[in-house]
Amino acid sequence: MIDAQTLEAPTESAIIRTARRWTPGACVWCGGLDAVEEYRNEPRCATCRKHEDVIEEARKFVGMYGLRPIGGTLQSDDEEEYEHRLAARDARRALNDIRLAEQPDPALVRKALRPRAAAVVAENAPARASKPRTTSPRSSSEPAPAPVRTDAVDVDEIQARALALLDQLSAIDAQLALVADQSGLAARARRGDLEKQKTTILRTLGALEKARLSALS
């Protein structure tokens, strides 16, 4: 559910809230039905997800540079920080304005999510699982077939993850090149954060390569 930091003191506009009640399949925050998807383990509509993403982006920005946490003040050191704080404040107010007067019971929300999760699993199940297996007669002298490797499918997943990480690595290198000649506290903090991300990606790539070789052996 939304943590307490997402909220702020109610404004005059936030006092008037919708009298709708939550129904299964609707957004747990506002009760809307617009493009509802699972977000942080609960169903949320497109509007709420958009506001939450704005707030999260502002939190990442201030956290990256070691700035004051997002809160009630808009005091900032530069225009970019001010824009993030202003956008986060407006997003909070918008969320407060559309919040249901009565939040649904978490147990009911989890119960409503179970059928959807089961449907996703069914859709992603291999098509061959629904086909009946045909067996041919085999003499007792024939050797038993070798067991099928269950990790064969993992190779494709490993390679896909590796390619995605390589794309991230290229993006990080490009950002490092942009801030290489910049000075100041913010630039140094940015370079340090990018270097940490690069080290983590390289370590993960090494682990994926080991896993790939092991699966192929």
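Scope of the values below: all heavy atoms of this structure, side chains included, with no hydrogens, waters or symmetry mates.
Leu67 and Val54 fall into different hydrophobic clusters, where Ile, Leu, Val, Met, Phe, Trp and Tyr are joined by side-chain heavy atoms under 4.5 Å apart, directly or via other members. Criterion: ILVMFWY side-chain heavy atoms under 4.5 Å apart, direct or through other members. Under it, Tyr39 and Leu33 are not part of a common hydrophobic cluster.
Cluster partners of Leu86, using a side-chain heavy-atom cutoff of under 4.5 Å among ILVMFWY residues and allowing indirect links, are Leu74, Tyr82. Grouping Ile, Leu, Val, Met, Phe, Trp and Tyr residues whose side-chain heavy atoms lie under 4.5 Å apart, directly or via other members, leaves Leu178 alone, with no other cluster members.
Considering CG of Leu205 and CD1 of Ile158, their distance stands at 12.0 Å, rounded to 0.5 Å. Note that CG of Asp97 is 12.0 Å distant from CZ of Arg99, once rounded to the nearest 0.5 Å. With values rounded to the nearest 0.5 angstrom, Ile172 atom CD1 is found 11.0 Å from Asp167 atom CG.
No side-chain heavy atom of Leu169 sits under 4.5 Å from any side-chain heavy atom of Leu165. No side-chain heavy atom of Gln197 sits under 4.5 Å from any side-chain heavy atom of Gln175. A heavy-atom distance below 4.5 Å is not found between the side chains of Leu100 and Arg21. The shortest side-chain heavy-atom distance between Glu56 and Glu52 does not fall under the 4.5 Å cut-off. At a threshold of 4.5 Å between non-hydrogen side-chain atoms, the residues Val109 and Pro43 count as touching.
In terms of the ring-ring contact (aromatic ring centres under 6.0 Å, His included) criterion, residue partners of Phe61 (sequence neighbours excluded) are, by chain and number, Tyr65, His84. By the side-chain hydrogen bond (donor to acceptor under 3.5 Å, both in side chains) test, Asp173 pairs with Lys198, sequence neighbours left out.
Contacts classified as salt bridge (charged side-chain N to carboxylate O under 4.0 Å, His left out) and involving residues 176-196 (residues at least two apart or in different chains) are given here: Arg190-Asp193. Within the structure, ring-ring contact (aromatic ring centres under 6.0 Å, His included) contacts touching residues 164-211 (residues at least two apart or in different chains) do not occur.
A 6.0 Å sphere centred on CZ of Arg161 holds no more than 12 heavy atoms belonging to other residues, nucleotides or ligands.
Between the side chain of Trp29 and the backbone N or O of Leu95, at least one donor-acceptor pair lies under 3.5 Å. At least one donor-acceptor pair under 3.5 Å links the side chain of Arg68 to the backbone N or O of Gln75.
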- Message: Run Cys48 and Val28 through side chain to side chain contact (heavy atoms under 4.5 Å, CB included) and show every step you take.
- Response: CA-CA 10 Å; Cys48 287; Val28 298; over 6 Å; no
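When every heavy atom of Arg85 is checked against every heavy atom of Pro69, the shortest pair comes out as NH1-O, 3.3 Å. Taking all atoms of both residues into account, the shortest heavy-atom contact from Ile70 to Ala88 is CG2-CB, 3.9 Å.
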